[in-house]
Amino acid sequence: MKKNEIKVIKRLNKHLPKNKPIINTSRYHRFDAYNDDYIIEIKYRKKMYDNFIIEFDKYAYNKLYAEMNNRKFLYVVGIEEDVYIFNITNLDKS
């Protein structure tokens, strides 16, 4: 995991104080962190973009993995000092 993604996790911890994410050390999983409720894919961007896009293979795998393990799937994007959290599980329901 890259240094910037670790910074994003530290910012994310402020939003999930009771169930902090654990960094995924396995190189065979397609997500960066997890806890009892979520699997989390993290991206760090050096500048702001109009759209936040997730790769389809990561979207499809993580969505299915989360469903099979009774968790929700979060896509978290860090930009400078901001963090954007997208609950993909809820997004698909809307």
Side-chain angles (χ1 to χ4, degrees):
M1 177 168 282
K2 298 176 187 170
K3 173 174 62 170
N4 288 329
E5 291 171 338
I6 292 171
K7 288 180 187 178
V8 174
I9 285 183
K10 287 180 181 179
R11 284 187 230 139
L12 181 61
N13 284 342
K14 295 175 187 175
H15 300 281
L16 302 172
K18 294 180 182 177
N19 196 358
K20 295 184 180 200
I22 299 165
I23 295 171
N24 191 357
T25 57
S26 172
R27 62 181 176 165
Y28 298 109
H29 280 297
R30 295 182 187 161
F31 54 89
D32 298 305
Y34 62 93
N35 63 22
D36 292 337
D37 300 317
Y38 303 104
I39 62 163
I40 305 162
E41 171 64 17
I42 298 170
K43 288 293 173 201
Y44 180 81
R45 302 289 184 230
K46 293 181 182 178
K47 65 178 188 172
M48 182 69 154
Y49 291 92
D50 291 337
N51 297 308
F52 297 112
I53 299 173
I54 186 170
E55 297 172 39
F56 178 77
D57 63 328
K58 285 190 179 186
Y59 161 83
Y61 175 88
N62 288 332
K63 184 178 179 305
L64 182 60
Y65 186 92
E67 288 173 6
M68 290 175 64
N69 289 281
N70 200 30
R71 295 181 183 172
K72 294 182 180 178
F73 171 32
L74 298 182
Y75 179 52
V76 179
V77 180
I79 301 169
E80 296 176 3
E81 297 303 317
D82 290 328
V83 62
Y84 295 86
I85 303 168
F86 300 93
N87 186 328
I88 301 297
T89 306
N90 289 347
L91 178 67
D92 282 352
K93 292 178 182 178
S94 63

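The residues of the chain are indexed from 1 along the displayed sequence.
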So which heavy atom on Asp82 is nearest to which on Arg11, and how close? O-NH1, 2.9 Å
Does Phe86 reach the side chain of Val77, with side-chain heavy atoms less than 4.5 Å apart? yes
Nearest heavy-atom contact between Asn19 and Asn35 is O-ND2, 2.6 Å
Determine whether Ile39 and Asn69 make a side-chain contact, defined as any pair of heavy atoms from C-beta on separated by less than 4.5 Å. no
Give the minimum heavy-atom separation between Asn62 and Phe31, together with the two atoms involved. OD1-CD2, 3.5 Å
Taken in chain and number order and not counting sequence neighbours, the residues that satisfy salt bridge (Lys or Arg N to Asp or Glu O under 4.0 Å) with Lys72 are none
Could you measure the distance from the CD1 atom of Ile22 to the CG atom of Asp32? Nearest 0.5 Å is fine. 14.0 Å
If you measure from CD1 on Ile88 to CD1 on Ile40, what distance do you get to the nearest 0.5 Å? 12.5 Å
Identify whether Tyr38 and Met68 are in the same connected component of the hydrophobic contact network (ILVMFWY, side-chain heavy atoms under 4.5 Å). no
So Lys43 and Lys58, do their side chains get closer than 4.5 Å, heavy atoms only? yes
Linked, directly or transitively: Leu64 and Ile54 (ILVMFWY side chains, under 4.5 Å): no
Among the clusters formed by ILVMFWY side chains lying less than 4.5 Å apart, do Ile42 and Ile53 turn up in the same one? no
Taking C-beta and beyond as the side chain, do Val8 and Val76 meet within less than 4.5 Å on heavy atoms? yes
Within the structure provided, determine whether His15 and Val83 are in side-chain contact (heavy-atom separation under 4.5 Å). yes
Members sharing Tyr28's hydrophobic cluster (side chains within less than 4.5 Å): none
Pairwise side-chain contact, Tyr61 with Asp57, heavy-atom cut-off 4.5 Å (strictly under): no
Measure across Tyr84 and Ile79 and return the closest heavy-atom pair with its distance rounded to 0.1 Å. CE1-CD1, 4.0 Å
How long is the span from the CG atom in Asp37 to the CG atom in Asn70, to the nearest 0.5 Å? 9.5 Å
What distance do Lys10 atom NZ and Lys20 atom NZ have between them, rounded to the nearest 0.5 Å? 11.0 Å
Report yes if some heavy atom in the side chain of Tyr34 is under 4.5 Å from a heavy atom in the side chain of Arg71; otherwise report no. yes
Do Phe73 and Glu41 have side-chain heavy atoms sitting under 4.5 Å apart? yes
